[in-house]
Amino acid sequence: MVNIEDLKAEAKRILKGGNVKYIIGYERPSNAWKANPVFARTPEDVDRLVWDPSCIHNLVRFVVDEKRRKAKEKPVDSRPIGVVVKGCDSRGIVVLIQEKFIERMDVFLIGVSCESTGVVDERKLAKKTVGTTVLKVKFGERMNYVVTTEDGILDIPAADIIADRCLECIASFPVVSDHLLGEKSKRDVPKPFQSVEKMESLPTKGKWDFWEDQLRKCVRCYACRSVCPMCYCDECVVDTINFAVTPETTAEEKAQRIKWLEKSPADSENIFYHLVRAIHLAGRCIDCGECERACPVNIPLRMLNKKMEKEAKELFGYDVGFDAEKPALMSCYLDGDPGDFIR
Amino acid sequence: MDKILAKNDFARWLEALASYRLYAPQNKDDVWTYELIESPDSRGLADVMTAVPAKKIVFPQREELFAFEEGDEAGYALSELLPGEKPTVIFGLRPCEAKAVILTDLVFGGEFVDEYYWKRRNAVTFVGLACLKPPSPNCFCLSVNGSPHGTEGLDILLTDLGDTYYVESLTEKGEKLVKAASDLFADPKPDERTRVMRLHGESEKKLRRSLSRIEDVPEKLKGMFDSPFWDAESMSCIRCGICTYLCPTCHCFDINDEVESSSPLQGRRVRTWDTCQFPDFTMHSSGHNPRPDKAARLRQRINHKFQYFVEVWQNYQCTGCGRCITLCPVGIDIINVVEKVRDHAG
Amino acid sequence: MKRTGVFICHCGVNIAGTVDVQKVAQELADYPGVAHSEDYVYMCSDPGQNLIEQAIKDKKLDDVVVACCSPTLHETTFRNTAKRAGLNPFKCEISNIREQCSWVHKDKAQATTKATKLTKSAVARVQKNETLEPLSVPVTHRALVIGGGIAGIQSALDLANTGFEVILVERSPSIGGHMSQLSETYPTLDCSQCILTPKMVEVSKHPKIRLMTYSEVHDVTGYVGNFKVKILRKPTYVVPAKCNLCDECTKVCPIVVPNEFDLGLTGRRAIYIPFPQAIPASYTLDDKNCPELTQIIACGKCADVCKVKAIDYDQKPQIIEEEVGAIVVATGYDLYEKEQMAEYGYGTYADVIDGLQFERLLSASGPTGGQVLRPSDHKEPKEVVFIQCSGSRDPEQHCAYCSKICCMYTAKHAMLYKHHVHDGQAYVFYIDVRSGGKGYEEFVQRAVEEDEVIYLRGKVSKIFEENGKIKIWGVDTLAGKPIEIDADLVVLAQAMRPSTGSLQLAKKLRLALDKDGFLAEAHPKLRPVESVTSGMFLAGAAQAPKDIPEAVGQASGAAAKAIMILSQERLFHSPTVALVSKNLCTGCGMCVAVCPYDAIAFKDGKVEVNEVLCEGCGTCSATCLRAAIQVKNFTQHQVHEMIRACLGG
Amino acid sequence: MVEEFEPRIIAFLCKWCSSAGSDLAGVSRMEYPPNVTPIQVMCSGSVSPLYVFSAFHRGADGVLVSGCHPGDCHYIKGNYYARRKLALTKELLEHVGLEPERFQISWVSAAEGQKYTRIIKDFVNELKPLGPQAKLRRKPSW
């Protein structure tokens, strides 16, 4: 069990020592059960830190922001930033290091183990608490969550309201950290790809009908891209204009901007965007599930990324986010890579 | 002229409105949105706050403005594309959303009258549903001069009395809907009227969120343009478009040419939603971006809603629906932000 | 708006016969940015090219597309045309409407539509082409020749005699290759050694040639004009400078192993000179078999007996690094493996041997001192059966190709056999007798007429031993009757194969192989001595089976091609290379990992391209998630526009 | 009578093997259906998944990527990277319900004009029963 006091103690220690610039953790606002990211700079801030099943966010996303901020910073404060990371989040750090976007010393990782459970799925919880308002969610003693509502306390088996991604999680504790809290409890996941397999069993038409129906809902708010720690490109295929422009950028370079797709939220444009996102995350997505969670119209985006994760694993034996030393999925090959699909 | 409609007659009322396109909140994959009604729900209208507001009907995310085609000898043939005017009814609209329509009217009805908007908007009859209990934990309409049973912008206000709806027709448009099936509507008994008054009164006490002394905010904002406050507040913003795309009052758009064929050049000019929260919203082709970071973009969002709009239209550009709070992936809470502005020292 | 010119070639009826060229020209005239569009009967002809030049000048064209045959044929032609008219050559693109359209379709309407699409997409591309200037790099005026057979020797001598330094690398202890094993050579029957040895000596004495025997090419990097080679020099454990060739060592060496030079017909010691005329004439201690070096037992006999202390057991392999401007690959051939010809008892019966072994039996310096004695019992064979196409021309079982030289050397073998054994009889089983070449057919006739060699057209069905004889069942397909011969000796004209290890070498050199494993030439007809990698040339049997005159001819050709490079002060490299957009690059290094030429390197948090190393393959651009690296004049934007043009979007 | 559906195929051919192979088919006057429009690329390894998506998005009924046989890549290993990238691309497209027949990859050497011809013939025959590809196709007016 992660002891929040230990977490706070460690956070205070590194802040006091001035070892870190600030610490990205979780706090819970007075008026909601859900935790929010918080950027703790003082011991007082640290006292607001929490760790409970509502700590859904992948805070590694803000490591990306920090790199951008640092680029403009004068004078540069090159101290690391502290980050509270779950198992999935920590694998995001590994990928960022693998892609040389950050260096290991840029971050001080306070690892929290999800142990045998994980974080809650807001929509699942909502269904379990119709007609009342949730005030607080806590880890129970054994595989359960204690949910405090306006009309009393509920004891809900974790399995009922845990996020899908946690059901398929292959790293319930951080694979890299500087200070680890909680047990390194190995959990065996018999079916890490069950959600995808269900999808795969559908006939071609069934698959298309499903996705057409889902992607039609997309309003292109790009929350999926914005919340993703791996979507750190300065420019994205869906952007309408060059961001990465300097006074040196020539008119030609600007003219090279390709209009792959329209801004209109039409099925064909939406699917193009999501296909590109899926292929660009192949071998990089660490299944923190943030894209799916952030989506305001509940498109099952994990199902795209998870498919790529599955193929990377099954076709090429590639695991994402465990080893920063090995080459990226798309920048290596094996002589024995399957070629049976080739004529 | 107020009426009473039995809930089990609701479906029949809709049948009588066959000549209209009928929208109502519907649930798909645990998400509520306004969709065309295929088969009326016998339980009547869902008492919910949709994720996507009704603005998508009067101000669609994609609007075709005109088509262009390369003529034989130089020059282009342009053909106007105006939206069709099939009469439409939106049921179950929340009063905050109706108010939002009024605010959007101001924008599209100012010195330049936006024909595309008005063609659609005028074709719509708005049938509201009073919020007897807040449909969202983040409702705060009262704080921004709204009300859970407000009638502003509505043609009809329905109040749920259990087995019946209390029907207030507020405009001719509304009357017309009632007349379309007048036999279904009974005159209310006096006690029903008083009951409605009571429910409306109680509903105002049930809101969980509020934003007091908002009137101080516009002045405060003027002094805070360069405040580091915005950096701190926007730290966790991820620059997605949820807060604005799903805001019933946000109405910014982008205009693009969708080229269908390059020879002969052929295509359409379309307008699509855009948002001040996207970096390319203000990006110049020179590479200069007057709103370079998320701090500037959060500031813009707050300033627009609580300062600029007030200056131009004497209204807050916010009706307290709470969507941006509920749906923000990182929990940025407009109430908290505005309160902090209000109490800001500088 | 760019002003593009489009020129549609009829290629006589080759294109115009299937494609309505006028219609294509009209369609293109309406395409955005096309300022000029016309068709002509032969664009590649002088009048055709003049017409393009004129149009460029008159219509002030910014770029041109020529719709004609495959770019492999006339791209250069038309780029030069554009250049003459004052355009940058890279502002000219080809649309292949012949090989990939008119020649493969019949329906005129459809072919015309397709030709139009192809040409539009070329226009879409060329309009986004940049002006590029060839990159120029200095040249290292030194050549590397790999392989010390007759081909390698010839190339090395030609290069050296032109005045360029040459490094000649041979993996065995001596140069000379298979030619040094031969007895006499057809059609003139002059002694192989006699004509080869002088050349070997010339090589060893040549001031411009650095001979590196018992050495192998370990690694090659760089590019035309500027290759960096690592050569692995294997230890011989004998210091030639000290060695006085007294030959005492071989006398005391306790080890006997099959002698490669005699193809196992004799043995040699672990310390040995491959053959009397070997160049260099120095000993090699074979560390696979020496008990001292393999540390099976402490032997040291050779060291003990060597008065001049020339033996050095502690020699280590050395890696020698050299820079060269051009490379000639002459790695030669080997004969088709014994195991593969089990059906002819090859490898099973001592008296079933291959052509090279028979050459040794015939050779005056051979194991039998020039007497034809069969291996099993050293008796003189009276009935000798020669089997041609042993492993060749047999797509099902063995090699599909014809090994080309067997017909001739078999005739020679039969003839020489008769010269040695006057009362003997030679039979030749053959499929066809291929004797194209100066004096070749006459040679074969001589064998038949003067030496009464019996030619039997047909295949051998069975070979087996029976009381000291080798029984051969076959069929004479001309007479249509079965044949049975009790032979004393069977000689198989084994198929020629690329020499062992040429596959690994090809990988190191980035050379392509053909389906049979021979090194692939750049063009089967027009560039037969050039490899697909610029700056590397092919000589001898490494490219395909050939006989001595052909090998020597190609070797001189390869040398001449290499000289074309070495004689330049600077070389020009294609500028269509990858370019990094610093604004977009995040330095993730995926491109660095995929580049086959190590042309991309990290530089302050981003990457940069070494333009002369880059071959423009574009794998980097497809790997980059941010389109931050693009190949000039083949950008993603251009491909996107081409896709649009092809689909009318 | 109704006109038979003629699929539109975009073929990305590597310059050194597949395009040369297609040239050979031409030189040898082999005949195949005109439904395919080739785009010559330097190497199959340079074919970005975006090209494939884009071709379908712009209305292609089928897309072919063809390169050198493993081990024969003119650029040594470009086709190995292609094999991996395109395997994932194919899996993804099929996962969202695109018919597997619509996206094909082949190795065609400079000597395999015959094979190229056969591949195109088969491709066209497999696409005809499927009819036009509307799933990923950009709708001119939505």
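Computed from a predicted structure; not experimentally measured.
Neither the backbone nor the side chain of B:Thr275 comes within less than 4.5 Å of any heavy atom of chain A. When heavy atoms are compared at a cutoff of 4.5 Å, B:Arg323 does not approach chain A at all. Proximity to chain A is absent for every atom of B:Asp231, based on heavy atoms less than 4.5 angstrom apart. Residue A:Asn298 touches chain B through both its backbone and its side chain, counting heavy-atom pairs closer than 4.5 Å. Looking at A:Gln214, only its side chain comes within 4.5 Å of chain B, counting heavy atoms on both sides. With a 4.5 Å cut-off on non-hydrogen atoms, B:Asp280 touches chain A through its backbone and its side chain both. Neither the backbone nor the side chain of B:Cys243 comes within contact range of chain A, judged by heavy atoms closer than 4.5 Å. For A:Glu27, no part sits under 4.5 Å from any heavy atom of chain B, backbone or side chain. For A:Arg28, no part sits under 4.5 Å from any heavy atom of chain B, backbone or side chain. For A:Tyr26, no part lies near chain B; criterion is any non-hydrogen pair under 4.5 Å. With a 4.5 Å cut-off on non-hydrogen atoms, B:Asn336 touches chain A through its side chain but not through its backbone. Heavy atoms of A:Phe62 lying under 4.5 Å from chain B belong exclusively to its side chain. In this structure, chain A has a heavy atom under 4.5 Å from the side chain of B:Arg208, while its backbone stays farther away. Only the side chain of A:Pro265 comes within contact range of chain B, with at least one heavy atom under 4.5 Å from a heavy atom of that chain.
Few gaps surround NZ on A:Lys67; more than 12 heavy atoms of other groups in view lie less than 6.0 Å from it. Residue B:Arg43 qualifies as open at atom CZ: its count of foreign heavy atoms under 6.0 Å is 12 or below. Counting heavy atoms of neighbouring residues, nucleotides and ligands inside a 6.0 Å radius, atom NZ of A:Lys70 exceeds 12 of them.
Your options are A:Ile56, A:Asp65, A:Val38, A:Val64, and the one with the most heavy-atom pairs under 4.5 Å with chain B is A:Asp65. Annotation: maximal heavy-atom pairing with chain A below 4.5 Å, among B:Arg271, B:Arg209, B:His288, B:Lys133, occurs at B:Arg209. Most heavy-atom pairs under 4.5 Å with chain A, from the set B:Val270, B:Asp274, B:Leu327: that is B:Asp274. Of all the listed residues (A:Glu122, A:Arg69, A:Arg225), the one sharing the greatest number of non-hydrogen pairs under 4.5 Å with chain B is A:Arg69.
The pair A:Glu269-B:Arg62 does not count as a salt bridge, with every side-chain nitrogen at least 4.0 angstrom from each carboxylate oxygen.
For the residue pair A:Asn31 and B:Asp333, the shortest heavy atom distance occurs at ND2-OD2, 3.7 Å. The shortest heavy-atom contact between A:Pro296 and B:Val31 is O-CG1, 3.8 Å. Summarising the geometry of A:Arg123 relative to B:Asp30, their closest heavy-atom pair is CD-CB, 4.2 Å, with the distance given to 0.1 Å. The two residues A:Ser226 and B:Arg239 make their nearest non-hydrogen contact at OG-O, 3.5 Å. The two residues A:Lys263 and B:Asp254 have their closest heavy-atom pair at NZ-OD2, 3.0 Å. When all heavy atoms of A:Asp213 and B:Lys28 are compared, the pair lying nearest together is OD2-NZ, 3.0 Å.
Every ring-ring contact (aromatic ring centres under 6.0 Å, His included) that A:Trp51 has, sequence neighbours left out, goes to A:Phe139. Under the ring-ring contact (aromatic ring centres under 6.0 Å, His included) criterion, B:Phe140 pairs with no residue at all, not counting sequence neighbours.
The line from SG of B:Cys328 to NZ of A:Lys34 is 8.0 Å long, rounded to the nearest 0.5 Å. The distance from the OG1 atom of B:Thr33 to the NZ atom of A:Lys217 is 8.5 Å, given to the nearest 0.5 Å. In this structure, CD on B:Gln277 lies 15.0 Å from OH on A:Tyr222, to the nearest 0.5 angstrom. Note: B:Thr272 OG1 to A:Glu262 CD = 9.5 Å, rounded to the nearest 0.5 Å. Annotation: the span from B:Gln61 atom CD to A:Cys218 atom SG amounts to 8.0 Å, rounded to 0.5 Å. B:Ile238 contributes atom CD1, which lies 10.0 Å from atom SG of A:Cys228 (distance to the nearest 0.5 angstrom).
Residues of residues 291-299 of chain B that come closer than 4.5 Å to chain A, counting heavy atoms only, are B:Lys294, ordered by residue number.
Counting heavy atoms from C-beta outward, B:Phe278 and A:Arg220 have side chains that stay 4.5 Å or more apart. Side-chain contact between A:Val219 and B:Ile242: absent, with no pair of heavy atoms (C-beta onward) separated by less than 4.5 Å. When side chains are defined from C-beta on, B:Ser236 does not count as touching A:Asn36, because their heavy atoms never get closer than 4.5 Å. Side chains of B:Pro329 and A:Glu290 form no contact here, defined as non-hydrogen atoms less than 4.5 Å apart.
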Going by atom type alone, with no hydrogens or angles, which donor-acceptor pairs under 3.5 Å involve a side-chain atom of residues 53-60 of chain B and a protein atom two or more places apart or on another chain?
| unit_1 | atom_1 | unit_2 | atom_2 | d |
| --- | --- | --- | --- | --- |
| B:Lys55 | NZ | B:Thr244 | O | 3.3 |
| B:Lys55 | NZ | B:Tyr245 | O | 3.3 |
| B:Lys55 | NZ | B:Cys247 | O | 2.7 |
| B:Lys55 | NZ | B:Cys250 | O | 2.7 |
| B:Lys56 | NZ | B:Tyr34 | O | 2.8 |
| B:Lys56 | NZ | B:Glu35 | OE2 | 3.3 |

